[in-house]
Amino acid sequence: MLNQSVWAWNGNKHSTIISDWDLQCANSFVKGLPATSYFVGCLLGGFLLASLGDSSFGRKNLLCLSCLIMSLASLASAFSPNIWVYSVFRFVAGVGRVSITISSFVLLSERVGKRWRGQIVMLGFLSLTLGLLSLTTLAYLTRNSSWRILYLCTSIPGVICSILTHFFLCESPRWLFMRGRTTDAVNVLKSIGSLDDHLSSSLSNMLVFKQGIPNTNGNNPFSSVKILVKKRWAIQRLIVAMVLSFGVGMMYFGMLLGVGGLGLNIYLSSIFNALLLLSSSLLTFLFWIPRCNRRSSVLGFCTISGVASIISIVAGHHHKIVHVGLELMALFCACMVFNILFMYVVELFPTCIRNTAASLSRQALLFASIFVPVLVVIGRRIQLFSHLIFGVTILSCGLLVIFLPETRGRVLCDSMEEQEAQDKNRSFHA
C-alpha cells in the first residue's frame, strides 16, 4: 500500500465519502455499511410503521411523519463527521422511506372513484420516475462538488414538502369515515368537489352507510394487524401478494442492476434505467390499467419476463445483441408487473387494513433486493446462475396470482364485512 503522501486523488477529494474519509483501503464491510444500514432501516421501518396508516395516525399524518424523518436524516447526513455517524443517519432515513410511497399511493387511490383510480395511482409512478431523472441530472451538475452539497439539495425540498403536506393535503375521506369522523370526512369531500344536488345526495347516503360500520381499528396502533390475521382469506391474499412481490423484486432489481452494467457510465446508466421505467409507466397509465385485467396482466408479464431471462442464457453465448434484447425485455416486463402489482394489492384489501397490507407486500419486494447484489456478482462469473434464478423465481411466484380474485372495475371496500359481502356476491354471479 502506497503512502498517502506520494499520491493524490484525480479531481475533488470530497466528491465521494470514500475519498473524503480516506476509505479506499477499508474493507468491503465498512464501504458497504451505509447502503446496508439504509436497506435495514427500510425493512424495519416498513414493519414498524405499516399499520400506523390504518390506525389513529392516518394516511396524511404518516406521510408527513415519514417524509420529515427521511428528509431530516438526509439533511443530518450532510454534516456527518465519519462513516459511522453517516451510517446511523442512513438507517434513520431508511426507516422513514418506505411509508412515503405506500401512504401517498393509498391516499391517492382512496380519493377517486373506480374509473380513474388506476390512472391516478400511475401518476405517482410517473412522478417517481421523473424524480429519478431529476436526481441523476442534479448529481451530474454537482459531480465536481462535495457529496454533502447533493444531500443539501435533495433533503431541504423534502423538509419543505412535508410541511406543505401537513397544511395543504386533505386526509382520506374513506379513512375518516372508518374512524367515525363523519363530519371531517364530509368536509374533505366538500373541499375536493362542488356541492351540487348529486354530491349532497351522495354525502347523505354515505352518512347512512357509515352508521352501520363500526370503528374496528380502535386506538391500538397495531390493531389493523389483529384485524388482518383474524380472517383466513385476508391472510391468504397477503401471503400470495408478498410471495408475488418477492418474485417480482428479484427480477426487477436483478435486471435493473444488470442493465446498469452494460458499459455506460453511472449517469448514463441511471438515465437509461429511468427512461425504461418511464416508458413502462406511460404504457401502464395510458393503456394497461384502464383496459386490462389485473390478474391476467400480472400472470402474462411474469411469464414473459421469466422466459426471456431463461432464454437469454442460451442466446448470450452466440448472439450478444439478442442477449441484451432479451434482458431488456425481461426488465421491461418486470417493470410492467411492478407498476400493476401495487395497484392490484391496493384493490385487494379494504380500507381498514389497506395501508398495512400494501406496506407488508412492499417489504417483501425490498426483501428480495437483499439477495440481488450477491446474485449479480456471481452472475458476472456464472451468468447461467443469476439469470436462471431470476427467471425461475418470477415464473414460479407469478403463477400464484391465480389464487387471487380479479379487481378491475370493483368499488373499494371499507370494512372486512363489506369486502366479504362483495366477494360472496362476485362468486355467486360467477
inquiry  = Is there a side-chain contact (heavy atoms from CB on, under 4.5 Å) between R90 and S74? Walk through the geometry before answering.
reply    = CA-CA 7 Å; R90 296 310 297 152; S74 298; 3.8 Å; yes
request  = Show your working on side-chain contact (heavy atoms from CB on, under 4.5 Å) between L107 and S103 and close with a plain yes or no.
outcome  = CA-CA 6 Å; L107 188 59; S103 300; 6.0 Å; no
Acceptor/donor pairs from residues 39-48 side chains to any protein atom, 3.5 angstrom cut, sequence neighbours excluded:
none

ask   = Where do A241 and V345 come nearest, in terms of heavy atoms and distance?
value = CB-CG2, 4.1 Å
ask   = What distance separates L152 CG from W147 CH2, expressed to the nearest 0.5 Å?
value = 9.5 Å
query = For V240 and L400, which heavy atoms make the closest approach, and how far apart are they?
reply = CG1-O, 3.4 Å
message = I'd like to check the salt bridge (charged side-chain N to carboxylate O under 4.0 Å, His left out) partners of E406; sequence neighbours left out, ordered by chain and number.
response = none
message = So, taking the atom named CG in L283 and the one named CZ in F332, what distance separates them when rounded to the nearest 0.5 Å?
response = 5.0 Å
message = In the structure I gave you, are the side-chain heavy atoms of D184 and E171 within less than 4.5 Å of one another anywhere?
response = no
ask   = Who passes side-chain contact (heavy atoms from CB on, under 4.5 Å) against S245, sequence neighbours left out?
value = L341, S361, A364, L365
inquiry  = Could you measure the distance from the OH atom of Y86 to the OG atom of S37? Nearest 0.5 Å is fine.
reply    = 10.0 Å
query = Quick check: does any side chain N or O of S99 sit under 3.5 Å from a backbone N or O of G96, one acting as donor and the other as acceptor?
reply = no
key: P405 to R295 - nearest heavy-atom pair and separation   = CA-NH1, 4.2 Å
inquiry  = Listing request: all salt bridge (charged side-chain N to carboxylate O under 4.0 Å, His left out) pairs with a residue in residues 332-361, at least two apart in sequence or in separate chains.
reply    = E110-R354, R117-E347, R294-E347
query = Should W175 and V106 count as side-chain neighbours, where that means a heavy-atom distance under 4.5 Å?
reply = no
Under 3.5 Å, side-chain donor or acceptor atoms of residues 153-168 against the rest of the protein: list the pairs with distances, not counting sequence neighbours.
unit_1, atom_1, unit_2, atom_2, d
T154, OG1, L150, O, 2.9
T154, OG1, Y151, O, 3.2
S155, OG, Y151, O, 2.6
S162, OG, V159, O, 2.6
T165, OG1, C161, O, 2.7

query = Would you say R237's side chain and L348's backbone share a donor-acceptor pair under 3.5 angstrom?
reply = yes
task = Taking salt bridge (charged side-chain N to carboxylate O under 4.0 Å, His left out) as the test, write out the residues that go with R362, two or more places apart.
result = none
ask   = Do any pairs count as a salt bridge (charged side-chain N to carboxylate O under 4.0 Å, His left out) and have a residue in residues 67-85, sequence neighbours left out, and if so which ones?
value = none
Partners meeting side-chain contact (heavy atoms from CB on, under 4.5 Å) with V88 (sequence neighbours left out) = none
request  = Please check if the side chain of S71 supplies one atom and the backbone of L68 the other of a donor-acceptor pair under 3.5 Å.
outcome  = no
task = Would you confirm whether S396, through its side chain, and T393, through its main-chain N or O, come within 3.5 Å as a donor-acceptor pair?
result = yes
ask   = Judged by atom type as modelled, is there a donor-acceptor pair below 3.5 Å linking the side chain of T142 to the main-chain atoms of S145?
value = no
Minimum heavy-atom distance between E420 and W233, given as atom pair plus value = OE2-NE1, 2.9 Å
Verdict with reasoning, R97 to Y38, per side-chain contact (heavy atoms from CB on, under 4.5 Å) = CA-CA 9 Å; R97 166 65 182 86; Y38 176 77; 3.1 Å; yes
note = Closest non-hydrogen atoms of L412 and E418, given as atom of the first, atom of the second and distance, are O-OE2, 4.3 Å
request  = Might you work through the side-chain contact (heavy atoms from CB on, under 4.5 Å) test for N355 and S359, ending with a clear yes or no?
outcome  = CA-CA 6 Å; N355 205 86; S359 297; 3.7 Å; yes
key: Residues that L65 engages under side-chain contact (heavy atoms from CB on, under 4.5 Å), provided they are two or more places apart   = F57, I69
query = For the atom pair CG (L331) and OG (S280), what is the distance rounded to the nearest 0.5 Å?
reply = 8.0 Å
note = d(R174 CZ, C413 SG) to nearest 0.5 Å is 8.0 Å
inquiry  = Show me the pairs that pass salt bridge (charged side-chain N to carboxylate O under 4.0 Å, His left out) and involve residues 331-343, at least two apart or across chains.
reply    = none
Contacts of type side-chain contact (heavy atoms from CB on, under 4.5 Å), residue I394, not counting sequence neighbours = M251, C302, S305
note = Residues K60 and L169: closest non-hydrogen pair is NZ-O, 2.9 Å
inquiry  = Below 30° counts as parallel, above 60° as perpendicular, anything between as tilted: where do the rings of F338 and Y252 land?
reply    = parallel
Sidechain-backbone polar pair: S104 side chain, T101 backbone, donor-acceptor under 3.5 Å = yes
inquiry  = If I take atom CD1 from residue I353 and atom CD from residue Q419, how far apart are they, to the nearest 0.5 angstrom?
reply    = 8.0 Å
query = For W84, does its backbone N or O pair with a side-chain atom of N82 as donor and acceptor, under 3.5 Å?
reply = yes
inquiry  = Checking R408 now: which residues fulfil salt bridge (charged side-chain N to carboxylate O under 4.0 Å, His left out) with it, not counting sequence neighbours?
reply    = none
